[in-house]
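Taking it in order: structure first as structure tokens, then the write-up.
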Amino acid sequence: QVQLVESGGGLVQPGGSLRLSCAASGSIFSIIAMGWYRQAPGKQRELVATITSGGSTNYADSVKGRFTISRDNAKNTVYLQMNSLKPEDTAVYYCNADLQLWTDYLRVKNYWGQGTHVTVSS
């Protein structure tokens with residue numbers, strides 16, 4: 001059983017910062033990539049940032065220069081440091097991972113976390 005658990009969401013003022021964490025647990029052989037997506041009210045879910053096992057990163061244009069994705073391989077955890085937050089960043093943030101499991105390590109499977117709510121407001 002694989003589980004992605006997000007934490008760190010909450011209410012923050014414009015210009016403030018938050019750090020989201022996502023820990024993957026289960027019979028994980030290898031993490032191919034992990035990332036963050038978000039869905040704002042009335043909007044489609046969009047990619048925020050991704051990071052591969054090799055350390056390559058990718059960001060949405062709207063968060064470049066403000067958000068930083070990082071990883072801790074030993075803890076199977078990915079982080080999203082969010083600085084200079086704007087009201088437009090208000091959304092439910094979802095962790096996503098491409099994983100290989102010990103039970104069938106020849107296949108790459110995709111998993112989603114349940115989401116954590118980030119609200120940027122005065």
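Bear in mind that the values here come from a model prediction, so they are computed numbers and not experimental data.
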Locate the shortest heavy-atom distance separating [X] from [Y]; write the atom from each residue and the value.
{"X": "Ala24", "Y": "Met34", "answer": "CB-CE, 4.3 Å"}
{"X": "Ser17", "Y": "Asn83", "answer": "OG-OD1, 2.9 Å"}
{"X": "Tyr94", "Y": "Gly115", "answer": "CD2-CA, 3.6 Å"}

Looking at Glu46, Lys43, Arg45, which hits side chain to side chain contact (heavy atoms under 4.5 Å, CB included) with Arg38? Glu46
According to the interplanar angle, ranging from 0 to 90°, do the rings of Tyr93 and Phe67 count as parallel (below 30°), tilted (30 to 60°) or perpendicular (above 60°)? tilted
Run the salt bridge (Lys or Arg N to Asp or Glu O under 4.0 Å) test on Lys64 and Asp61 for me, step by step, so that the C-alpha distance in whole Å, both residues' side-chain angles and the decisive distance to 0.1 Å come before the verdict. CA-CA 5 Å; Lys64 286 181 179 177; Asp61 289 340; 3.1 Å; yes
Just jot down the ring-ring contact (aromatic ring centres under 6.0 Å, His included) partners of Tyr105, sequence neighbours excluded, or say none. Phe29
Could you measure the distance from the [atom1] atom of [X] to the [atom2] atom of [Y]? Nearest 0.5 Å is fine.
{"X": "Ser62", "Y": "Leu47", "atom1": "OG", "atom2": "CG", "answer": "9.5 Å"}
{"X": "His117", "Y": "Thr90", "atom1": "NE2", "atom2": "OG1", "answer": "6.5 Å"}
{"X": "Leu80", "Y": "Trp36", "atom1": "CG", "atom2": "CH2", "answer": "6.5 Å"}
{"X": "Gln81", "Y": "Leu18", "atom1": "CD", "atom2": "CG", "answer": "8.5 Å"}
{"X": "Gln100", "Y": "Ser27", "atom1": "CD", "atom2": "OG", "answer": "12.0 Å"}

If only atom types and distance count, is the side chain of [X] paired as donor or acceptor with the main-chain N or O of [Y] below 3.5 Å?
{"X": "Trp102", "Y": "Ile28", "answer": "yes"}
{"X": "Asp72", "Y": "Val78", "answer": "no"}
{"X": "Ser121", "Y": "Thr119", "answer": "no"}

Are [X] and [Y] side-chain neighbours, meaning at least one heavy-atom pair lies under 4.5 Å?
{"X": "Val120", "Y": "Lys86", "result": "no"}
{"X": "Asp89", "Y": "Arg66", "result": "yes"}
{"X": "Glu6", "Y": "Leu20", "result": "no"}
{"X": "Ser25", "Y": "Asn76", "result": "no"}

I need the full list of disulfide (SG to SG under 2.5 Å) pairs touching residues 73-104, with sequence neighbours left out, sorted by first then second residue. Cys22-Cys95
Heavy-atom neighbours of Glu88 CD exceed 12 at 6.0 Å: yes
Show your reasoning for whether side chain to side chain contact (heavy atoms under 4.5 Å, CB included) applies to Ile31 and Asn73. CA-CA 8 Å; Ile31 298 175; Asn73 291 338; over 6 Å; no
Is Tyr79 reachable from Val118 through a run of I, L, V, M, F, W or Y residues, each pair having side-chain heavy atoms under 4.5 Å apart? no
Return all side-chain donor-acceptor pairs below 3.5 angstrom for residues 50-60, not counting sequence neighbours, or 'none' if the list is empty.
| from | atom 1 | to | atom 2 | distance (Å) |
| --- | --- | --- | --- | --- |
| Thr52 | OG1 | Gly54 | N | 3.3 |
| Thr52 | OG1 | Gly55 | N | 3.4 |
| Thr52 | OG1 | Ser56 | N | 3.2 |
| Tyr59 | OH | Ile69 | N | 2.9 |

